Amino acid sequence: MDIEENIIKLRRSLPKDVTLVAVSKTKPIEDIEIAYKTGQRDFGENKVQELIDKEKSLEKDIRWHFIGSLQTNKVKYLVGKVHLIHSLSSIKLLNKIESEFSKKNCTANLLIQINIGKEESKSGIFEEELNDLINEIEICNNCKVKGLMAIIPKGNENTNRYYFKKMKNIYDDLSKKSYKNISMEILSMGMTNDYEIAIEEGSNLIRVGEGIFGKRNVVGGLKNG
Ligand SMILES: *Cc1c(COP(=O)(O)O)cnc(C)c1O
């Protein structure tokens with residue numbers, strides 16, 4: 001598996017306005033360094049401990065994206081280390097992020113994760129719960145929501161498109177409104193197997209792991225935080 005070739009080829013194929021987050025979960029520091037040398041600066045991790053360990057041993061200009069489900073008791077470790085948390089999924093988590101980031105006078109940049117397929121196995125809020133969450137976001141001082149994230153249900157090209165379109169509609173709806181602390185800049189959707197469709201349907205940030213670093217031989221859960 002040639003990481004350098006994979007990532008250069010992938011980045012070249014992307015439209016200019018699409019950000020590539022290289023998902024390095026379970027992969028060693030050396031693999032990240034190879035990608036870094038090609039100019040890659042955005043990396044994604046789904047476990048807090050792993051993100052902090054890697055952050056400590058690597059260059060400081062890496063933008064770390066937290067993409068896993070986040071337990072409230074681990075929020076404090078991310079303060080000052082993380083560029084963007086993709087997995088804001090409850091009011092309880094929002095309140096914890098607000099309190100931990102404000103303690104250190106830091107701003108948390110967040111995406112609201114939407115459980116667009118209403119799958120029990122996935123985290124994220126339902127579309128119907130958005131308004132309640134938004135009300136809480138508006139009264140925060142240290143939280144800024146920059147957009148939305150989704151992990152869509154497994155399926156075929158047609159179902160993928162269906163869920164990506166649904167996300168784009170929600171994103172466009174929110175873009176038209178004006179809320180305190182909320183701006184729609186990032187629509188994070190698309191992974192190794194479906195990022196091309198995601199981009200066609202309006203994604204401007206894709207999260208690609210295996211397509212860059214090769215297969216993960218550990219159980220690389222989507223949920224573990
Ligand atoms: C692991 C993971 C990815 C990357 O998946 P690949 O299929 O390896 O591209 C993207 N997003 C999330 C939330 C993940 O946990």
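Remember, it's a predicted structure, so these values are computed and weren't measured experimentally. Index from 1, following the sequence. Indexing begins at 1, ligand by ligand and atom by atom, following the structure's order.
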Atoms in ligand 1 with a heavy atom of [X] nearer than 4.0 Å:
X	value
Ile151	13 (C)
Glu210	6 (P), 8 (O), 9 (O)
Arg207	4 (C), 9 (O), 10 (C), 11 (N), 12 (C), 13 (C)
Val208	9 (O)

### Message
Do the side chains of Arg161 and Glu200 get close enough for a salt bridge, i.e. N-O under 4.0 angstrom?
### Response
yes
### Task
Answer yes or no: does an N/O atom from Thr192 fall short of 3.5 Å to an N/O atom of ligand 1?
yes
### Query
Can you check whether Gly209 has an N/O within less than 3.5 Å of an N/O in ligand 1?
yes
### Task
Under the side chain to side chain donor-acceptor pair (under 3.5 Å) rule, collect the residues that match up with Lys37, sequence neighbours excluded.
none
### Query
How about His83 and Asp42: does a side-chain donor come under 3.5 Å of a side-chain acceptor?
no
### Query
Are side-chain N/O atoms of Lys144 and Asn181 paired as donor and acceptor at under 3.5 Å?
yes
### Message
With a cutoff of 4.0 Å, is His86 in contact with ligand 1, counting heavy atoms of the residue only?
### Response
no
### Query
Is it the case that Lys118 places NZ or CZ above or below the six-membered ring of Phe126, under 6.0 angstrom from the centre and within 45 degrees of the axis?
yes
Donor-acceptor contacts under 3.5 Å from residues 188-195 side chains, at least two apart:
{"unit_1": "Ser188", "atom_1": "OG", "unit_2": "His86", "atom_2": "ND1", "d": "3.1"}
{"unit_1": "Ser188", "atom_1": "OG", "unit_2": "Arg207", "atom_2": "NH1", "d": "2.9"}
{"unit_1": "Thr192", "atom_1": "OG1", "unit_2": "Gly211", "atom_2": "N", "d": "3.0"}
{"unit_1": "Asp194", "atom_1": "OD1", "unit_2": "Met191", "atom_2": "N", "d": "2.6"}

### Query
How does Asn193 reach ligand 1, by side chain, by backbone, by both or by neither, if only non-hydrogen atoms under 4.0 Å count?
neither
